[in-house]
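Being a predicted model, the structure only gives us computed values, none of them experimental. The chains referred to below are lettered A, B, ... by the order of the sequence lines, with proteins before strands, and numbering in each begins at 1.
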Protein chains: 2
Amino acid sequence: MKDGMTIGDAAKASGVNAKLIRYYESIGLIPEAGRTASGYRVYDDREVNVLRFVKRARTLGFGIERIQKLVGLWQDRSRCSSEVKRIALQHIDELEAKIAELQAMRDTLHELADACHGDERPDCPILKDLAS
Amino acid sequence: MKDGMTIGDAAKASGVNAKLIRYYESIGLIPEAGRTASGYRVYDDREVNVLRFVKRARTLGFGIERIQKLVGLWQDRSRCSSEVKRIALQHIDELEAKIAELQAMRDTLHELADACHGDERPDCPILKDLAS
DNA sequence: ATGGGGCTTCCAGCCGTTGGAAGGTCAAGG
DNA sequence: CCTTGACCTTCCAACGGCTGGAAGCCCCAT
């Protein structure tokens with residue numbers, strides 16, 4: 001039962017849904033799966049592991065392109081860990097930037113919301129700010 | 001020179017580029033602009049103010065649909081500030097959620113990157129985590 | 001009249017999914 | 001053997017919020 005899974009089985013085993021597996025294949029993130037005589041895709045444990053790797057990397061916010069590199073490094077036994085770390089640090093930088101951006105929005109909005117009495121009257125510092 | 005601007009002038013005056021102004025019109029975020037005899041869009045100060053409002057709201061991360069509501073409330077003199085505040089608070093909640101999500105990614109990655117020596121050796125806790 | 005800049009429309013792509021339609025395949029049960 | 005229903009296949013479209021390009025018209029200065 002381990003080898004020769006259908007895409008549905010691979011989806012359950014990896015946590016990546018079938019539709020997304022096909023999509024990942026279509027964009028070249030994962031190699032083309034083998035096929036049965038009738039055209040069904042066939043997966044084995046190794047491919048499920050790749051899918052799990054991809055899913056975990058997505059959970060950490062890596063983009064597809066970077067995941068491709070990570071999968072490559074993962075499968076390259078002669079890789080340098082420095083290369084992997086470099087990619088991770090770069091991603092951390094981008095996350096920090098995004099976080100800072102969102103926090104700035106939140107902080108501004110928080111101030112405006114605090115200043116807004118939020119009652120039935122039309123006077124509103126939030127709209128005043130937006131209109132400025 | 002104040003009224004009867006072309007889209008390019010309105011873009012400069014509002015900070016929203018011409019392409020985007022047309023897009024906003026196409027999705028109904030802003031009403032259809034008037035036209036000259038030859039088909040050029042024409043803008044006046046009031047419309048530029050709406051564009052500025054939209055731009056500021058986008059800067060604060062509001063989505064288009066919500067901005068539509070905000071513009072409506074802004075132009076409604078009998079609005080309740082509570083309604084505006086409600087929208088702002090809801091948006092703050094979503095920002096908080098997104099921030100927390102990104103922070104979780106960053107924290108995990110930070111731990112992994114710290115544990116990775118990042119040298120020429122292949123051993124790598126980052127890949128180990130992704131493969132788990 | 002010619003050039004160049006701005007305007008017009010429409011179409012396509014970005015990212016990572018998700019949904020749906022239309023049709024083929026497979027195993028189980030009547 | 002045939003039907004049912006759950007699976008699989010492909011392709012096409014939409015989400016949000018833009019951004020770019022192509023093809024063609026308009027307007028002003030030289």
Polar contact flag, side-chain donor to acceptor under 3.5 angstrom, B/Thr6-B/Asp9: yes
Taking atom CZ as the centre, does B/Arg77 end up with more than 12 heavy-atom neighbours from other residues, nucleotides or ligands that are less than 6.0 angstrom away? no
Reported CD-to-CD1 distance for the pair B/Glu25 and B/Ile7, which is rounded to 0.5 angstrom: 7.5 Å
Give, for atom CG of B/Leu89 and atom CG of A/Asp114, the distance between the pair rounded to the nearest 0.5 Å. 8.5 Å
Interface limits on DNA chain D, where chain A has a heavy atom under 4.0 Å of a nucleotide atom: D/dC7 to D/dT10
5'-most to 3'-most nt of DNA chain C touching chain A (<4.0 Å, heavy-atom partner on protein side) reads C/dG16 to C/dC26
Take B/Gly63 and B/Tyr40, find for each the nucleotide of DNA chain D with the closest heavy atom, and name the residue whose nucleotide sits nearer the 5' end. B/Gly63
Going from CD1 on A/Ile64 to CD1 on A/Ile67, what distance comes out if it is rounded to the nearest 0.5 angstrom? 5.0 Å
Do the non-hydrogen side-chain atoms of A/Arg66 and A/Glu94 ever get within less than 4.5 Å of each other? yes
Starting at the 5' end of DNA chain C, which residue's closest nucleotide do you reach first, A/Thr36 or A/Ile27? A/Ile27
Roughly how far, to the nearest 0.5 Å, is CG of B/Leu127 from CZ of A/Arg56? 12.5 Å
Do A/Asn49 and A/Arg52 have side-chain N/O donor and acceptor atoms under 3.5 Å apart? yes
